[in-house]
Amino acid sequence: MTRTFPDAGDRGEHVKVTSRQKPGFLERLGETAGGMVIGFVVFSLSFYIHFTNEGRAVKTAASLDEGLSIVVSLDTFNSVEPQNEGRLVHLSGVISTSKPLVDPNYGISIACVKLKRRVEMYQWIEQEDSKEYEENGEIKKETRYSYNTEWRSEVVSSRHFDREIAHQNPSAMAVESLTAVASDVQVGRFHLSKGLIDQIDNFKLLSLGKMQAPNSYATIDGDFFYHSSNPRSPEVGNLRISFHYAGLSDSESPLGPADVITVIGRQRGDKVGAFQTKSGDVLELLHFNALSAEEVFQKEHQSNTIKTWALRAGGWLLMFVGISLMTKIVYTLVDWLPLVRDLVNLGLNIFAVCVATSLSLLTISFGWLYYRPLWALLLGVLAAIPIVIAKTRAPPKKHQ
């Protein structure tokens, strides 16, 4: 059954109600069994994430410590010193490129490392808001559909809209987004490797305030080129284009001073690139502004710590979800008893939290066992705490 409500602006808002028979006990049990298989896969994946994450964190920390102990800071980098060949070097300076990046279609020319053309199209967007409820022994799903127009950088297919009529989007954009990258980037006399160039991503929006439209089919409004007869009232299918630049290299540019970067890598001739450490990681580091070698490695240690804790949290969450899915069958067995069902659900959630916490700590301790055994032992003790607490709170057995 479908009901349609009038919408100001004729956006086609409507509600669709579908119904299905309430699943029986065996059907719910079958769905739960399928969820147990998925839960086991997710549960197993969490172990892999935990264990590999700890090994990665330790290897990265050791590689950074190794790098700091052997890095050579170059006092001057306007000449290439042969004695530093193959060594890990540190230098800071202004970015320079051999020629500007150009987009002739829109008359853009900037001396920078990267120039991004971002194209957006005005399109219909379908939004769904669903809720389920039980009525007369049936499960009913009420879905409210609404349609709005927005600027999107990706083509939104309208073929699967609930009401495609009057909400059709073009299948492609007439102009494509792209990013141009300078082929040669230097700091002083040193050329940067592709890996270092890829890290220059401080994109800034190009202001078009003083520019003139380069052709008759594009107009400028604000910081956008519009392919529209009326940019203030666009139609579906109209385009707008903005430009973004990163790694400004022209010291006399009206956009501002050239960017200063700090790089750490292996000197090979007049190039700086990847350095393989004995600890296992490759060092090819780039940061903006003039930083000392100690400051660069400190920032890298901080980044490693944040990544490690993010993966730890993700591993714990996967383990919790996996345990919840595997134990959901217990909830299904008693879901016809309201009070018991709620108590069992609470107990299963507490059980999942405790087990996920204990197993996560235990897995992390195994990851540290080879590198730092004392930390591994401490984590193993912490992993046993939830189990000990649960056992001490269990009621004592009555002896006859």
Mind checking what makes side-chain contact (heavy atoms from CB on, under 4.5 Å) contact with S98, not counting sequence neighbours? D184
The side-chain hydrogen bond (donor to acceptor under 3.5 Å, both in side chains) partners of K194 (sequence neighbours excluded) come to D198
In terms of hydrophobic clustering (I, L, V, M, F, W, Y; side-chain heavy atoms under 4.5 Å; direct or indirect links), are L291 and L68 co-clustered? yes
Under 4.0 Å between a side-chain nitrogen and a carboxylate oxygen: does that hold for R117 and D103? yes
Stepwise salt bridge (Lys or Arg N to Asp or Glu O under 4.0 Å) check, R312 with E54: CA-CA 9 Å; R312 284 171 179 169; E54 299 309 316; 2.8 Å; yes
Could I get the full list of ring pair (Phe, Tyr, Trp, His ring centres under 6.0 Å) partners for F203, not counting sequence neighbours? none
Could you check whether any side-chain heavy atom of F43 comes within less than 4.5 Å of a side-chain heavy atom of M319, counting everything from C-beta outward? yes
Flag yes if more than 12 heavy atoms outside Q83 fall under 6.0 Å of its CD atom; otherwise flag no. yes
Which residues pass the ring pair (Phe, Tyr, Trp, His ring centres under 6.0 Å) test with W309, not counting sequence neighbours? none
Min side-chain heavy-atom separation V71-V89 under 4.5 Å: no
Could you work out, with side-chain contact (heavy atoms from CB on, under 4.5 Å) as the rule, every residue matching I49, not counting sequence neighbours? L45, L318
Where is the tightest heavy-atom contact between N304 and A57, given as atom of each residue plus distance? ND2-O, 3.3 Å
E126 and R163 ion-paired at < 4.0 Å: no
Kindly write out the residues that satisfy ring pair (Phe, Tyr, Trp, His ring centres under 6.0 Å) with F320, not counting sequence neighbours, or none if the list is empty. W316
Is any side-chain heavy atom of I264 less than 4.5 Å from a side-chain heavy atom of H90? yes
Can you name the nearest heavy-atom pair linking G67 to F297, along with the distance? C-CZ, 3.6 Å
Minimum heavy-atom distance between V272 and L196, given as atom pair plus value: O-CD1, 3.4 Å
List the atom of S92, the atom of T262, and the distance in Å for their closest heavy-atom pair. OG-OG1, 2.7 Å
Does one side chain, of H287 or Q199, offer a donor that lies under 3.5 Å from an acceptor on the other? no
Sorted by chain and residue number, the salt bridge (charged side-chain N to carboxylate O under 4.0 Å, His left out) partners of D281 (sequence neighbours excluded) come out as K59
Mind checking what makes salt bridge (charged side-chain N to carboxylate O under 4.0 Å, His left out) contact with R56, not counting sequence neighbours? none
Quick one: do the Y122 and T149 side chains pair a donor with an acceptor below 3.5 Å? yes
Could you pull out the closest heavy-atom pair between V282 and Q276, with the gap in Å? CG2-OE1, 3.2 Å
For a quick check under 3.5 Å, do S360 and H50 share a side-chain donor-acceptor pair by atom type? yes
Parallel, tilted or perpendicular: which describes the rings of W124 and Y147, with under 30° parallel and over 60° perpendicular? perpendicular
CD/E176: more than 12 non-hydrogen atoms of other groups inside 6.0 Å: no
Tell me which donor-acceptor pairs under 3.5 Å the side chains of residues 237-248 have, and how far apart each pair is, sequence neighbours excluded?
from: N238; atom 1: OD1; to: S228; atom 2: OG; distance (Å): 3.0
from: N238; atom 1: OD1; to: E235; atom 2: N; distance (Å): 2.8
from: R240; atom 1: NE; to: E120; atom 2: OE1; distance (Å): 2.8
from: R240; atom 1: NH2; to: E120; atom 2: OE1; distance (Å): 3.4
from: S242; atom 1: OG; to: H244; atom 2: NE2; distance (Å): 3.2

With sequence neighbours excluded, residues passing side-chain contact (heavy atoms from CB on, under 4.5 Å) with S96: Q186
Quick one: side-chain contact (heavy atoms from CB on, under 4.5 Å) partners of V181, sequence neighbours excluded? K114, T179, I197
Checking R152 now: which residues fulfil salt bridge (charged side-chain N to carboxylate O under 4.0 Å, His left out) with it, not counting sequence neighbours? E150
Answer whether the closest heavy-atom distance between the side chains of N53 and T308 falls below 4.5 Å. yes
Over all heavy atoms of both residues, which pair between L208 and G222 is shortest? Give the atoms and the distance, please. CB-O, 3.9 Å
